[in-house]
Amino acid sequence: MTKDQRPAATAAAPSNFIKDIVRADVRAGAYNGRVQTRFPPEPNGYLHIGHAKSICLNFGLAAEFGGRCNLRFDDTNPVKEDVEYVESIKQDVRWLGFDWGDGLFYASDYFERLYAYASRLVEAGKAYVDDQSADEIRENRGTLTSPGKDSPWRNRPVEENLDLFGRMRAGEFEDGSRVLRAKIDMSHPNMVLRDPTLYRIKRVPHHRTGQKWPIYPMYDFAHCLSDAIEAVTHSICTLEFENNRALYDWVLDELGIEPRPRQYEFARLNLTHTALSKRKLIRLVREGRVAGWDDPRMPTISGLRRRGYTPESIRTFCERIGVSKAENLVDMALLEHCLREDLNRRAPRVMGVLDPLRLVIENYPEDQTEEFEFANNPEDEAMGRRMVPFSRVLYVERDDFREQAPGKWFRLAPGREVRLRYAYYVTCTDVVRDASGEVAELRCSFDPKTRGGWSKDGRKVKGTLHWVSAAHAVRAEVRLYGNLFSAADPSGADEAEFMELLNPDSLRVLPGCMVEPGLCLAKPGEIFQFERNGYFCLDPDSTPGRPVFNRATTLRDTWARIERQKDK
RNA sequence: UGGGGUGUAGCCAAGCGGUAAGGCAACGGGUUUUGGUCCCGUCAUCCGAGGGUUCGAAUCCUUCCACCCCAGCCA
């Protein structure tokens, strides 16, 4: 089973305020009942779980109302963007299970038309070329509580503006020497409307248009018009763009665009123990704090995929967190819950011992091997069965043995009888130590009448242990992941101390794990439940005969909780 | 101190004048050849605070408080 071949589990998605607006528009016959959205990433980084929220919202709305959702790259700033990012973004959106059909666009596709729109604004006296430097513009913008000052170039004649703007395009001027600005109101209480910059000169090559353009439009100018050009009806973005909506509307108003898209804003996702800002993620990658964008500790889509997350679990998560305008910090435990819920249903069960301890069954014949039949998933017969070899020397989990059994302990301890899953009952008869005094091996006896792991006499054996036959086991590397950040909310920290909050124990590598032999046939990306241990995904770093597994998440562990409570 | 937003349980989040959904977490209990899953139960006399309207307010009005966003030629 490959995780991206699985059937989608689509439950009825709950409503939210944006869906309510769309539904009301459809009922009222707005846009002739048409619904069109778009997911507009800037290709300057990899997608993360926060983007997944937006993707699910936008594509989900289109699907629910029989509309369409475009994938549009907001590639208006070539100095930050790269084709590597556009490829990863396309892959991630597809992997999440969404299809943009023929709706793949780039803001850069519209550069010619955007230039024409800008020229119209100039002709209408609604935009002007400003010769001030960036510093001067900043100084004259005023502050939150005091008005700005008009630029000395604000009232240039239309003809001169047209000429200058044309020459900006022709590449006659240096970077930063001039900009095109909207003529709105330098004392507007909304800072966004204090004559915002529409175009700036950047004589740098663009990943799609090459050397063609020395000027590039700003987000506020390009975005609303790109939406209009594509006939988007509902333009959904995050809260920090709320102030920009006034400019979004201003541009469309001045250009007389009708019918026009409307912008709606929702609160971006925040998740505990991680970071969801591109700036911070890119730092983690660049400074080598993680192995790359797809490091399984990263909240990126590619990281989650490599970790063992399924598209379904991520979609379910996005549905459960809801969509609102309130600041939020969602507990990572919810994401993990969604993964377990999905994987419990579909991951084949398998035996893997993370910290092997030899167990020798003294009364079991030296040279005998037998096979036991295991259900791949006891709750789903359709997943089939398999045979697993058993012999005199096994590996069990070191943590399943205690010399001093605490209260309620029903695993292995001197004199205690336990069940080896699907095999036999064994009783610990002796403990062998190495020179340093460490427990090196357990000596046990087994009861032949308990074949299959069951006895007719009604004997109470509470503990059931996973195991693997030493002679048949495959040695594997297992990577255990913890939270990227120790602090629940590292975003509270400033840029400097942010790195200090990284969890030093976010990755533990166990080189000597022992897994059942069938696992050497697994393919990268396949996910298994190691019984009693958790869910593990085969990593691409695996080589033939040397599997590497990533622990996606643990199983719920009631015993660990009991022990934790005792500590308190 | 200007403008734009948001406040419902530890965390998300419904609720749209008729007496506080649901999920996660937590905590009890049952089933169990995974201390998993599953099942059952507990968990807001109260909706940021005060005042008002109303037979009735989380929902309407009002005052206040707290938090977030905006002064890029980033998006």
Report yes if a side-chain nitrogen or oxygen of [X] is closer than 4.0 Å to either non-bridging phosphate oxygen (OP1 or OP2) of [N]; otherwise report no.
X	N	result
A:Q565	B:rC27	yes
A:R556	B:rU37	yes
A:H466	B:rU34	no
A:R349	B:rG36	no
A:T76	B:rC74	no
A:R421	B:rG35	no
A:R138	B:rG72	yes
A:R141	B:rC73	yes

Using a 4.0 Å heavy-atom cut-off, write out nucleotides 5-12 of chain B from 5' to 3' as B (base contacted by protein), S (sugar-phosphate only) or - (no contact). SS----SS
Between the base of B:rG35 and the side chain of A:R561, is there a donor and acceptor pair under 3.5 angstrom?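 No, the side chain and the base share no sub-3.5 Å donor-acceptor pair.
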Mind checking [X] for me? I need base, sugar-phosphate or nothing, with any heavy atom below 4.0 Å counting as a touch.
X	result
A:N533	nothing
A:T143	base
A:Y199	nothing
A:Y216	nothing
A:N77	sugar-phosphate
A:V323	sugar-phosphate
A:Q529	base
A:L465	nothing
A:W409	base

For a salt bridge (Lys or Arg N to Asp or Glu O under 4.0 Å) check, start with the C-alpha distance between A:E397 and A:R411, then their side-chain angles and the critical distance, and finish with the verdict. CA-CA 10 Å; A:E397 207 68 66; A:R411 279 122 91 154; over 6 Å; no
Could you work out, with salt bridge (charged side-chain N to carboxylate O under 4.0 Å, His left out) as the rule, every residue matching A:K462, not counting sequence neighbours? none
What residues form a salt bridge (charged side-chain N to carboxylate O under 4.0 Å, His left out) with A:E230, not counting sequence neighbours?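 Salt bridge (charged side-chain N to carboxylate O under 4.0 Å, His left out) check on A:E230 returns A:R72.
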Rounded [atom1] spacing from [N] to [M] in Å:
N	M	atom1	value
B:rG10	B:rG2	C1'	36 Å
B:rG30	B:rU37	C1'	14 Å
B:rA49	B:rA57	C1'	16 Å
B:rA26	B:rU31	P	22 Å
B:rU42	B:rG48	C1'	27 Å
B:rU8	B:rA66	C1'	16 Å
B:rU6	B:rG23	P	27 Å
B:rU63	B:rC24	C1'	37 Å

Closest-nucleotide ordering on RNA chain B, the 5'-leading residue of A:R532 and A:S15: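 Closest to the 5' end, via its nearest nucleotide, is A:S15.
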Kindly point out which of [options] is positioned nearest to the side chain of [X]?
X	options	answer
A:A333	B:rC24, B:rC74, B:rG3	B:rC24
A:N243	B:rG3, B:rU37, B:rC24	B:rG3
A:D20	B:rG15, B:rA75, B:rU32	B:rG15
A:T464	B:rU32, B:rC73, B:rU34	B:rU34
A:T145	B:rA75, B:rG2, B:rG35	B:rG2
A:L144	B:rG2, B:rC73, B:rC16	B:rG2

From [atom1] of [X] over to [atom2] of [N], roughly how many Å is that when rounded to an integer?
X	N	atom1	atom2	result
A:K408	B:rG28	NZ	C1'	12 Å
A:K462	B:rU34	NZ	C1'	13 Å
A:N16	B:rC16	CG	C1'	15 Å
A:E240	B:rA71	CD	P	12 Å
A:I137	B:rA71	CD1	P	14 Å
A:M332	B:rA25	CE	P	14 Å
A:R340	B:rC38	CZ	C1'	16 Å

Test side-chain contact (heavy atoms from CB on, under 4.5 Å) applied to A:R279 - qualifying residues, sequence neighbours left out: A:S277, A:E495
Stems involving RNA chain B: give each as a range paired with a range, ordered by first number, where a stem means at least three consecutive Watson-Crick or G-U wobble pairs under 3.5 Å. B:2-7 with B:65-70, B:10-12 with B:22-24, B:26-30 with B:38-42, B:48-52 with B:60-64
Salt bridge or not between [X] and [Y]? Use side-chain N to carboxylate O under 4.0 Å.
X	Y	result
A:E531	A:R349	no
A:R200	A:D175	no
A:R561	A:D557	no
A:K149	A:E139	no
A:K325	A:E265	yes
A:E174	A:R178	no
A:E417	A:R459	yes

Do A:E563 and A:Q565 pass the side chain to side chain donor-acceptor pair (under 3.5 Å) test, and can you show the C-alpha distance, the side-chain angles, and the key distance before you say yes or no? CA-CA 5 Å; A:E563 290 206 302; A:Q565 281 172 350; over 6 Å; no
By a strict heavy-atom criterion of less than 4.0 Å, which residues belonging to residues 173-182 of chain A are in contact with RNA chain B? A:G176, A:V179
Tell me whether A:K183 contacts the main-chain N or O of A:Y128 through its side chain, where contact means a donor paired with an acceptor under 3.5 Å. no
State yes or no: are the ring centers of A:F17 and A:Y264 separated by less than 6.0 Å?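 Ring-ring flag for A:F17/A:Y264: false, centres at least 6.0 Å apart.
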Quick one, A:D220 and A:P196 - any side-chain contact, counting heavy atoms below 4.5 Å? no
Would you call the rings of A:Y248 and A:H223 parallel, tilted or perpendicular, where under 30° means parallel and over 60° means perpendicular?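 A:Y248 vs A:H223 ring planes: tilted.
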